[in-house]
Amino acid sequence: MTQTDDTVCYYVGVDVGTGSARASLCDVTGREHATSSRPLTVYNPLPDHYEQSCTEIWGAVCGVVRDVTQGVGVESVCGIGFDATCSLVLVDSSGEPLSISLSEGENNNCLMWMDHRAERETELVNQCKSCVTDYVGGGFSPEQQPPKLLWLKKNLPDTWSRAAHLFDLPDWLTYRATGQTARSLCSVTCKWGYVLERGGWDKEFLKEVNLEDLAELDKLGTCICSPGESVSGGLSDQAATELGLRPGTSVAVSMIDAHAGTLALLRCAPSPVCETLCIISGTSTCIMALSRTKTWVPGVWGPYQGAVLPDIWLYEGGQTAAGSALDHIVRSHPAHTAEMTYSKLNSYLGASLTDPALHTRTRDVHVVPDLHGNRSPLALPWFRGMVSGLDLNSSLDNLHTTYLATVQGLALGVRLVIEKLKKHGLKFSYITLCGGLADNPLYLHVLATVTKLPVVVPRGGNMMCIRAALLAQCAAENCSPTEKLESGKGGADYVSYCPIPELVKYYQQKFEVYRHMVDDQLKYRELMKLDSSG
């Protein structure tokens, strides 16, 4: 259904993140009319094992969709779109999700994106000679699906033998909504080793990494569609009842949450698409760069063809722990209290967040906040965080210094990725940013100064939900996201942060220290290797 003279059309965008499911009801201009959010449980039964429940996820999705549509008639809801984290779901022949847990039973049936249980399998997969690894920055990460699939095959043979379909979580949501097994080009390209310009799935790669039982491709998916296309048949009767919508309502092919956020950020950026660095921050940070030409950037995922926009190559860097690292370091400090917010921490630091005296209090304190491995540009899952400048001080003032140094460390880590991208020919005029860290003005001032680039933050709304709603509109109107991007580009309201001139030299010095700390940890790793007799 599309808009007619006497019909008001609304579109529902659903965003399933790490800690919550959210929905927005948007009109044809992209303006939000209603929003809702419900929390999700993260289970951590073993070190590096992170799991969720598909039952809880779908229940939360149904709840937020009903919340945002309760004030409008179902005939006015013309489409629904989904984005989600790149977690992994296996279903049996009847469509029921299968357990991926060693200890928590059948209900834990979503293997989370941040799960690192497959580090050994990652090493094995990356020993292959296939060119598929060239398209993920030179090697897969334990956050991507081939290593996780290999771990499941080896450690949960019953789950593996019963699996009929393997889904990225965004694709499972469209499957749950429609009963159709179509996969998103975004998901299979960025997380599964699907290479469009080489014909898609590489059966020889699957055989080489001991996943030969997937080479018939039925379990991986043979119907690969671009984000924003319409899924055949629309909402199923069952899903329509659960969501409170009409059967047959248009459903869009999904996207990974960060990639949907990239579409939103590109629309508000004052710079050309291929000169805009998009950062989607939350538990982790995704750092997205686009180019009209293909290049190879070791340690940065990609080049991904058509994963965000047709005929555009995507390069995806990131920090596996960003908001989660900041939370952990702050909450672990002896002076931390439950009522302490980042806004209060910022207020304590000073009346003006651009005051050079505020920033330079960390001259002797330096933090590398890679608490859950380095996604890029090192691509080392075993890499860990570092602090230089520890003392016996456990005061509130020391907490604020530690907090500031961690914020600075996160921004310095982004610059390390930018330097790698620029070295391989990409260029940037602006950074655009959304997500949790977009609400922290201290981080935004530091990021602009560290990277020496203006930072643009769109005002209002959940960018991922709004873009998921845009995908729904594309599906209902049979148009491409590129058309919607161009028609709305530059119209968004935003606030910008510029580099602080007096601090550029200081942060250059901090960056040099940061690079030395990273290099030193690599040397420590080499020094501590045991010989065969150790």
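Formation of a donor-acceptor pair under 3.5 Å by the Glu56 side chain with backbone atoms of Thr41 is found in this model. In this structure a side-chain-to-backbone donor-acceptor pair under 3.5 Å is present from Ser281 to Leu437. Under the 3.5 Å distance criterion, the side-chain polar atoms of Asn398 are left unmatched by any main-chain donor or acceptor of Ser394. Counting only distance, with no hydrogens or angles, the side chain of Thr406 and the backbone of Leu326 share no donor-acceptor pair below 3.5 Å. Under the 3.5 Å distance criterion, the side-chain polar atoms of Ser284 are left unmatched by any main-chain donor or acceptor of Ala322.
Taking the six-membered ring for Trp, His336 and Tyr403 have ring centres at least 6.0 Å apart. Side-chain rings of Tyr135 and Tyr194 stay apart, their centers remaining 6.0 Å or farther from each other.
For the pair Arg361 and Asp355, the salt-bridge criterion is not met [side-chain N within less than 4.0 Å of a carboxylate O]. Salt-bridge check for Arg515 with Glu512: passed, with a basic side-chain N closer than 4.0 Å to an acidic carboxylate O. Salt bridge annotation for Glu419-Arg415: present, with a cationic side-chain nitrogen under 4.0 angstrom from a carboxylate oxygen. Salt-bridge annotation for Asp168 and Lys191: absent, with no side-chain N of the basic residue lying under 4.0 Å from a carboxylate O of the acidic one. The pair Arg375-Asp370 does not meet the salt-bridge criterion, since no charged nitrogen lies less than 4.0 angstrom from a carboxylate oxygen.
Here the CD-OG distance, from Glu316 to Ser376, works out to 8.5 Å after rounding to the nearest 0.5 Å. The structure places OG1 of Thr189 at 8.5 Å from OH of Tyr304, a figure rounded to the nearest 0.5 Å.
Legend: residues meeting side chain to side chain contact (heavy atoms under 4.5 Å, CB included) with Pro454, ordered by chain and number and at least two apart, are Tyr430. Listed by chain and residue number, His359, Gln408 satisfy the side chain to side chain donor-acceptor pair (under 3.5 Å) test with Tyr507 (two or more places apart in sequence, or in another chain). When the salt bridge (charged side-chain N to carboxylate O under 4.0 Å, His left out) test is applied to Asp257, no partner is found at least two apart in sequence or on another chain. For Lys153, the salt bridge (charged side-chain N to carboxylate O under 4.0 Å, His left out) test picks out Glu212, Asp213, with sequence neighbours left out. Take Arg120 and apply the salt bridge (charged side-chain N to carboxylate O under 4.0 Å, His left out) test, not counting sequence neighbours, and it matches Glu123.
When all heavy atoms are compared, the tightest approach of Gly13 to Ala468 is CA-CB, 3.7 Å.
The salt bridge (charged side-chain N to carboxylate O under 4.0 Å, His left out) analysis of residues 104-118, with sequence neighbours excluded, yields the pairs Glu51-Arg117, Asp115-Arg117.
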